[in-house]
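One structure is given here, and the rest of the page talks about it.
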Amino acid sequence: MANKDQLKQDIDAFVERVWPEVLDDIADLVNVRSVEDLDHAAENAPWGPGPREALDEALCIADRVGLAAHDCDGYIGFADLPGVSDKQIATIAHVDVVPEGPGWHTDPFEMVRREGWLLGRGTIDDKGPAVLSLHAARFFAERVEETGERIPYTLRVLLGANEETRMGDVEWYLEHYPQPDFLFTPDAEFPVCCGEKGQLQGTFSSKPVAGSVAGARILELAGGSAVNAVPSLAHAVVRADAQALSVPENFEVEPAGEEDGQPLARITAHGVGGHASLPEGTRNAIGMLCGYLLDNGLCSDGEREFLELERVLHADTRGAALGVDATDDIFDPLTCVGGLVSLTADGRIEQTADCRYPKSTTSEAIEAQLARVAAGHGAEFSVIRTCVPFYVDPSSPEIQTLVRCYNEYTGLDTKPFTIGGGTYARHFARAASFGPEEPHQETPEWVGQMHGPDEGASEEQLRQALKIYICAIAELMELEL
């Protein structure tokens with residue numbers, strides 16, 4: 001116990017000393033708009049220039065804090081602190097982010113400190129935690145330098161650059177490198193997530209019904225910033241007189257010029273954005289907009305058929321109206337969210353869907369049902385990607401070590417849990433997601449969620465998370481792997 005007390009004192013002193021650098025490093029990463037851009041992908045930048053720049057910045061931080069940094073051709077990076085054994089304890093965080101989207105009150109790519117909070121895209125998902133993982137490893141690097149005693153296992157800090165879209169980074173990594181002996185990712189909530197729902201993402205596509213198609217009323221239709229985010233903004237340009245239309249709360253209606261002597265109206269819906277896996281408390285702007293178009297007759301018969309499909313999709317966030325709702329005794333109920341809507345050049349309306357499902361159903365069953373619903377509205381459904389549910393034994397020594405460290409620092413008595421979000425953990429045989437979000441923390445109204453506008457992280461929450469990560473790594477080093 002005396003050794004544990006001394007360890008905690010050393011951790012406290014370390015975090016106090018390095019915290020200004022931690023903040024600077026988070027700010028430097030937030031400054032990079034590291035959104036996937038495959039149109040500008042290149043050699044050593046397979047996910048585009050933004051993720052490449054952020055990965056470079058993270059590897060520079062790793063080098064500066066005393067780790068051996070390695071770039072894997074831009075797909076992913078890692079930084080090592082060699083141990084007595086080649087067996088690895090690893091962390092993995094990502095430096096790519098979802099697009100900024102609308103509704104920000106600050107520059108999304110400039111970290112702002114306000115009343116104990118850090119605002120900016122990536123502060124909590126996942127650039128802030130990535131910096132924490134690097135400085136947690138720094139603690140051990142400094143001890144090795146001071147004492148000359150190597151840690152029992154090699155500590156590897158993995159830095160992903162493609163988590164938000166396809167996780168191609170970690171797929172590439174596992175094709176070229178062996179699995180770590182245990183890994184945690186700081187990309188969820190405390191205490192410890194030992195399971196993640198399955199995922200299915202797909203696209204509903206109409207027949208050519210809008211745009212320049214004869215008889216069409218809808219000339220523009222767009223909304224959302226990512227497949228896995230609840231959209232806070234959506235708009236349409238329709239053939240209609242704006243002055244004759246109602247303007248409900250959270251809507252804007254304004255003239256948009258004329259076409260062929262007919263007046264045009266631009267209708268904008270303002271919702272409440274958030275992560276697709278946590279739709280409670282959000283308000284989907286696409287669903288709002290499609291409902292407005294239907295209720296006001298601002299569509300042709302062909303457009304109406306697809307808008308009615310939109311109404312079914314957005315009727316609830318549990319997939320009940322679609323007929324895909326499901327529950328079990330391990331996970332929360334299925335969620336289903338429409339994330340992106342767009343109008344193609346040939347007049348097709350395309351709408352994405354993001355489903356997070358428990359073990360009581362399958363992606364095949366969900367796909368078949370969504371295809372049936374689509375066909376009933378003259379549309380098609382195609383799958384973008386799927387992932388099966390992920391679950392590890394919560395009683396394993398590694399999971400119990402993480403829970404114990406968290407409880408010791410917080411004075412709580414928590415248990416492992418499961419989530420609807422998808423993290424890197426599902427790609428590894430022995431892994432878990434481990435903070436840094438606190439599920440019950442009070443958040444000011446001007447601080448937004450991950451994937452939404454005004455994304456923010458509590459500075460004190462991040463400080464404590466860094467201490468917990470160091471303590472957890474120290475105790476993992478004592479296990480028999």
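The chain is numbered in sequence order, starting from 1.
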Query raised in the report: Any ion pair linking Arg52 and Asp71 (charged N to carboxylate O, less than 4.0 Å)?
Result: yes
Query raised in the report: With sequence neighbours left out, which residue pairs that include part of residues 36-82 fulfil the ring-ring contact (aromatic ring centres under 6.0 Å, His included) condition?
Result: Trp47-Tyr75, His70-Phe78, Tyr75-Trp172, Phe78-Tyr177
Query raised in the report: Below 4.0 angstrom, N of the basic side chain to O of the carboxylate: do Arg17 and Glu142 qualify?
Result: yes
Mind listing the side-chain donor-acceptor pairs of residues 112-120 below 3.5 Å, one per line with the distance, residues two or more places apart or on another chain?
unit_1 : atom_1 : unit_2 : atom_2 : d
Arg113 : NE     : Glu459 : OE1    : 3.3
Arg113 : NH2    : Glu459 : OE1    : 3.1
Arg113 : NH2    : Glu459 : OE2    : 2.8

Query raised in the report: Is the gap between the ring centers of Tyr469 and Phe139 under 6.0 Å?
Result: no
Query raised in the report: What pairs of residues pass the ring-ring contact (aromatic ring centres under 6.0 Å, His included) test when at least one of them lies in residues 398-432, not counting sequence neighbours?
Result: Phe190-Tyr406
Query raised in the report: For Pro358 and Ala326, which heavy atoms make the closest approach, and how far apart are they?
Result: CG-O, 3.7 Å
**Report entry** Smallest separation among heavy atoms of Gly456 and Val447, with atom names
**Finding:** CA-CG1, 3.8 Å
Can I get a per-line list of side-chain donor-acceptor pairs under 3.5 Å for residues 471-481, giving both atom names and the distance, sequence neighbours left out?
unit_1 : atom_1 : unit_2 : atom_2 : d
Glu475 : OE1    : Arg404 : NE     : 3.3
Glu475 : OE1    : Arg404 : NH2    : 2.7
Glu475 : OE2    : Lys4   : NZ     : 2.4

Let me check something: any side-chain donor-acceptor pairs from residues 93-101 under 3.5 Å, sequence neighbours excluded? List them with distances.
unit_1 : atom_1 : unit_2 : atom_2 : d
His94  : ND1    : Asp96  : O      : 2.9
His94  : ND1    : Asp96  : OD1    : 3.2
His94  : NE2    : Asp125 : OD1    : 3.1
His94  : NE2    : Glu163 : OE1    : 3.1
His94  : NE2    : Asp187 : OD2    : 3.3
Asp96  : OD1    : Asn162 : N      : 3.4
Asp96  : OD1    : Glu163 : N      : 3.2
Asp96  : OD2    : Glu163 : N      : 3.0
Asp96  : OD2    : Glu164 : N      : 2.9
Glu100 : OE1    : Arg33  : NE     : 3.0
Glu100 : OE1    : Arg33  : NH2    : 3.1
Glu100 : OE2    : Arg33  : NE     : 3.3

Query - Salt-bridge contact Glu21-Arg138 (side-chain N to carboxylate O under 4.0 Å) - result: yes
Query - His440 atom NE2, neighbour heavy-atom count above 12 within 6.0 Å - result: no
Query raised in the report: Can you pull the salt bridge (Lys or Arg N to Asp or Glu O under 4.0 Å) pairs that have at least one residue in residues 428-442, sequence neighbours excluded?
Result: Glu398-Arg430
Query raised in the report: Where do Glu310 and Phe204 land on the side chain to side chain contact (heavy atoms under 4.5 Å, CB included) test, with the steps shown first?
Result: CA-CA 9 Å; Glu310 291 275 13; Phe204 292 101; over 6 Å; no
